[in-house]
Amino acid sequence: MEKVRTRFAPSPTGYMHIGNLRTALYAYLFAKSQHGDFILRIEDTDRARYVADAVEFIKNTLAAAKIIPDEGPGFGGNFAPYIQSERMDIYKKYAEELVESGHAYRCFCNHGEEKNSAPDDEKKFGGYNRHCRELSPEEIEKNLSEGKPYVIRQKMPLAGETTFFDVLHGNITISNSELEDQILLKSDGMPTYNFANVVDDHLMEVTHIIRGTEFITSTPKHVLLYEFFGWEIPKFIHLAPVMGKAEDGTVSKLSKRHGATSFNDLIEAGYLPEAITNYVALLGWNPKSNQEIFSMPELIEKFSLDGLSNSPSVFDYNKLGWMNGEYFKAMSDEDFAKSAEKFFCGLYENSPEKKNYLAGILKTRVSRFGEIPDMIKFLETMPPLDVELFTNKRNKVTPEKSVAIIEPAVEIFSGIENWTPDELNEKISAFVEKTGLKIGTIMWPLRIALSGQKVTPGGVTEILYLLGKEKSLERLNSGLNFLKNISD
RNA sequence: GGCGCCUUCGUCAAGUGGUUAAGACACCGCCCUCUCACGGCGGGUUCAAGGGUUCGAAUCCCUUAGGCGUCACCA
C-alpha cells in the first residue's frame with residue numbers, strides 16, 4: 001500500500017490560530033498513525049502579507065505542541081524547497097503547460113477592472129467576464145510584444161458539473177457554471193493558492209489533503225486541475241471549523257472577541273502546551289472511548305479518521321481549564337513551580353523549599369498559571385483590614401472574640417522555634433484542644449489577621465509557614481492593634 | 001443573493017431501526033473539611049421544526065428553519 005503523506009501548509013502570518021493548530025495536529029496524527037510522513041510547507045505566495053520571522057514562529061509553535069515534521073524548511077526531505085516563493089519556476093512551467101494544452105489562457109485584462117465593473121448578470125460567470133478566453137493568436141502575440149502584463153487563467157468547462165469525494169462528507173458535486181476562470185499565475189509571476197497547492201501536493205506526493213471546510217467550494221477547481229494534468233487525485237478531508245461563543249450566545253468562527261485564540265495567547269494565559277494539544281485533539285475528534293487525557297504517543301496510537309466530526313465545535317475555555325488542571329495535578333510540586341516560574345512574580349526566589357510548598361497548594365487550585373498572581377498577592381502585601389471580616393456567623397466569631405483568640409495565639413507562636421508546617425500544626429491543635437473551642441472558630445480570626453481575606457489558598461497553617469515567623473507575628477500583632485483601636 | 005456544508009444536554013460528544021438516549025466539562029445539592037480547592041456521592045437539562053416510510057425512528061426519505069462557509073492577482 002502507498003505510504004500516507006500529509007502536509008500542513010500555513011501562510012507565514014506570524015500567528016497560529018487554534019483552528020490551524022488543530023488542522024496541523026490532525027494531519028500529523030493521521031500521518032503518524034499510518035506510519036507515514038508529515039510535511040510542513042510554507043505558502044508565502046502573497047508578497048503583501050509577508051511577515052518577517054514567521055517561518056521560525058511556525059516551527060517554534062509546532063515544536064512546542066510536539067508536532068514534528070518529517071520534511072519541511074529546515075527539516076530536510078526529498079522534495080525541497082518547501083517554501084513556495086522558492087518554487088516559482090516550477091509553477092511557471094506547469095502553468096505554461098496548461099496554456100499549451102488549452103486548459104488555461106493568458107489574460108491581459110487590467111487589474112480587476114472588468115470584474116468590478118461587471119453588471120450583476122455577468123456575475124453568473126463567477127466573477128471574471130472571460131474577456132480574454134478566446135483571444136486570437138494574433139491578439140495574444142500583439143499584447144505580448146507590447147509587453148503588456150498578463151495573468152494565466154484556468155479555462156473552466158462551461159457546462160456540466162464536477163464531483164469529488166471527501167472522506168468526511170462523501171461525494172460533493174458543484175456545477176461547473178459556479179466556477180470562475182480563476183487566476184493560476186499572478187502578474188508578478190507568483191502562483192495563487194489554488195494553483196500552487198495542486199502542483200505541490202502532486203509533486204510532494206501528498207496522499208491526503210487535510211484542511212478546513214473553507215476550501216470545499218474551491219476543491220472542484222483543484223480537481224479539474226488534477227484532471228487536466230492527468231494526475232492522481234488525493235483524498236480530501238475537510239475539517240469543520242472551530243467556533244467561539246460570544247457573551248450574547250451567538251456562535252461564530254473563533255476570533256479575538258472570544259478571548260485567546262492563538263496557541264501563543266493560550267500559553268501566555270498559563271495553559272500547558274500538552275493540555276492545549278490534548279484539548280484541541282478532542283475538539284472535533286473522539287477516540288470512541290471515554291478516555292480524555294492523552295499523551296502524544298497515545299493520540300497517535302488511537303487516532304483514526306472515522307472519529308472526526310463533520311460539524312463545527314465550540315471552543316470551551318472551561319473544559320480546557322479543567323483539562324489543564326488535570327495536568328497540573330499530575331505534576332510534581334517541583335515541576336509545577338518550575339513551569340509556573342514567571343507567574344510567581346519573584347516570590348520565594350531564594351527559597352525553593354517554600355516555592356515548592358506553595359506550588360503544592362496552588363496546583364489543585366488553579367486552572368491556568370495566569371490565576372496565580374492574584375491568588376498569592378496577599379503573601380507579599382497585606383491587604384487592608386476590615387472589621388466586617390472578623391465577624392463570621394457559622395463559626396461564631398466576632399471582633400471581640402477574635403482578640404481573645406489571637407492574643408494567646410501570638411504567645412504560642414512566639415515560642416515556636418522550629419517553624420515548620422508539622423510543628424505549627426501540632427501547636428495549633430494543642431491550642432484548640434485547650435480552649436475547647438471549635439477549630440473553625442480558632443482559625444477564622446487567625447486567617448483574617450494573617451491574610452486580610454476570607455478565602456485563601458491553603459489554611460492557616462500553610463499561611464503561617466509561607467509567611468514565616470517574623471511576618472506572621474507582625475501581621476497578627478497589627479491585627480490585634482487594629483481590633484483594639486476599633487473597640488475604643 | 002447563488003452555490004456548498006452543518007444541526008443529539010449550555011459546551012465537547014457516544015449513538016448507524018428496538019437503549020431507562022452513554023460519558024466528560026459547566027451548573028445545583030450533600031459528604032469530607034480551619035476558608036478555598038482536591039476527593040467522594042447524587043441531581044436537573046438534549047435528539048431544530050413539520051411531514052412521511054415502518055409494528056417500531058435520534059438513526060431512512062422529503063420539506064422548512066437556523067447556523068457556518070464561499071463567490072480575490074488571500075490563503
Side-chain angles (χ1 to χ4, degrees), chain A residues 9-13 43-49 84 107 109 111-112 115-116 120 123-124 126-128 149-153 166 168-169 172-175 177-180 182-194 196-197 211-220 238 240-241 243 245 249-253 279 282-286 288-292 307 309-323 325 329 361-366 375 392 394-395 428 432 438-448 451 453-463:
Chain A
S11 58
T13 58
E43 311 232 331
D44 61 343
T45 55
D46 185 1
R47 293 179 319 183
R49 287 218 284 181
Q84 290 186 329
C107 169
C109 290
H111 234 115
K115 182 187 71 193
N116 294 336
D120 280 350
K123 282 263 188 176
K124 64 177 161 232
Y128 174 61
Y150 64 87
V151 299
I152 291 181
R153 286 182 184 273
D166 181 285
L168 294 179
H169 302 279
I172 294 176
T173 300
I174 289 177
S175 167
S177 61
E178 293 294 320
L179 275 22
E180 179 188 12
Q182 66 170 346
I183 292 174
L184 265 20
L185 216 59
K186 309 180 210 176
S187 53
D188 65 0
M190 281 286 189
T192 56
Y193 165 82
N194 287 317
N197 94 85
R211 71 210 331 177
T213 41
E214 64 268 29
F215 293 109
I216 284 185
T217 35
S218 49
T219 301
H238 286 102
M243 313 295 279
K245 192 172 193 175
T250 53
V251 168
S252 55
K253 202 167 166 184
Y279 173 70
L282 261 27
L283 237 204
W285 173 73
N286 87 81
K288 308 278 180 186
S289 76
N290 282 337
Q291 183 179 350
E292 300 210 74
S309 165
N310 58 2
S311 56
S313 32
V314 174
F315 191 94
D316 185 355
Y317 294 93
N318 243 322
K319 183 129 190 190
L320 203 217
W322 165 78
M323 190 169 280
K329 279 177 257 171
I361 291 169
L362 255 20
K363 71 180 186 184
T364 60
R365 272 164 252 258
V366 295
M375 208 170 263
N392 181 271
R394 208 182 119 207
N395 288 308
I428 294 175
V432 169
K438 281 197 343 193
I439 192 162
T441 310
I442 300 286
M443 296 299 196
W444 187 270
L446 293 176
R447 176 181 306 104
I448 300 299
S451 71
Q453 300 175 350
K454 287 184 187 177
V455 174
T456 55
V460 169
T461 315
E462 286 82 359
I463 298 171

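Just so it is clear: chains get the letters A, B, ... in the order the sequence lines come, proteins before strands, and each one is counted from 1.
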All N/O contacts under 3.5 Å from nucleotides 2-6 of chain B to the protein, with atom names and distances to one decimal?
from: B:G2; atom 1: O2'; to: A:Glu178; atom 2: OE2; distance (Å): 3.4
from: B:C5; atom 1: O3'; to: A:His169; atom 2: ND1; distance (Å): 2.9
from: B:C6; atom 1: OP1; to: A:His169; atom 2: ND1; distance (Å): 3.1

Both distances under 3.5 Å, Watson-Crick or G-U wobble: report the partner of [N], or none.
{"N": "B:G1", "result": "B:C71"}
{"N": "B:C41", "result": "B:G29"}
{"N": "B:G50", "result": "B:C62"}
{"N": "B:A21", "result": "none"}

Answer with base, sugar-phosphate or nothing: what part of the nucleic acid does [X] contact at a heavy-atom distance below 4.0 Å?
{"X": "A:Ile183", "answer": "base"}
{"X": "A:Tyr279", "answer": "nothing"}
{"X": "A:Met243", "answer": "sugar-phosphate"}
{"X": "A:Lys438", "answer": "nothing"}

Please list, chain by chain and in numerical order, all residues satisfying side-chain contact (heavy atoms from CB on, under 4.5 Å) with [X], sequence neighbours excluded.
{"X": "A:Lys319", "value": "A:Tyr279, A:Glu292, A:Asp316, A:Trp322"}
{"X": "A:Thr250", "value": "A:Ala246, A:Asp248, A:Arg257"}
{"X": "A:Pro312", "value": "A:Ala240, A:Pro241, A:Met243"}

Testing A:Thr213, A:Asn310, A:Thr219 one by one against A:His238 for a side-chain hydrogen bond (donor to acceptor under 3.5 Å, both in side chains), which residue passes?
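Only match with A:His238 under side-chain hydrogen bond (donor to acceptor under 3.5 Å, both in side chains): A:Thr219.
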All side chain to side chain donor-acceptor pair (under 3.5 Å) counterparts of A:Thr461, not counting sequence neighbours:
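None.
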Whether each nucleotide of nucleotides 34-46 of chain B has a protein heavy atom under 4.0 Å at its base (B), only at its sugar-phosphate (S) or at neither (-) is summarised, 5' to 3', as BBBBSS-------
Quick one: is [N] close enough that its OP1 or OP2 comes under 4.0 Å of any side-chain N or O from [X]?
{"X": "A:Thr45", "N": "B:A75", "result": "yes"}
{"X": "A:Asn318", "N": "B:U11", "result": "no"}
{"X": "A:Lys186", "N": "B:A75", "result": "yes"}

I need the A:Thr192 OG1 to A:Gln182 CD distance, nearest 0.5 Å.
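Reported to 0.5 Å precision, the distance equals 5.5 Å.
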What's the spacing between A:Lys438 NZ and A:Trp444 CH2 if we round to 0.5 Å?
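Rounded to the nearest 0.5 Å, the NZ-CH2 separation comes to 12.0 Å.
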Would the distance check show the side chain of A:Ser11 and the main-chain N or O of A:Thr13 forming a donor-acceptor pair, the cut-off being under 3.5 Å?
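Such a contact is absent between A:Ser11 side chain and A:Thr13 backbone.
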Where the side chain of [X] is defined as all heavy atoms beyond and including C-beta, which of [options] is the nearest nucleotide?
{"X": "A:Arg49", "options": "B:C25, B:C74, B:A13", "value": "B:C74"}
{"X": "A:Val314", "options": "B:U11, B:G15, B:G69", "value": "B:U11"}
{"X": "A:Ser313", "options": "B:A22, B:A13, B:C74", "value": "B:A13"}

So, A:Ser175 and A:Ser177: side-chain donor and acceptor under 3.5 Å apart, yes or no?
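Indeed, the side chains of A:Ser175 and A:Ser177 share at least one donor-acceptor pair under 3.5 Å.
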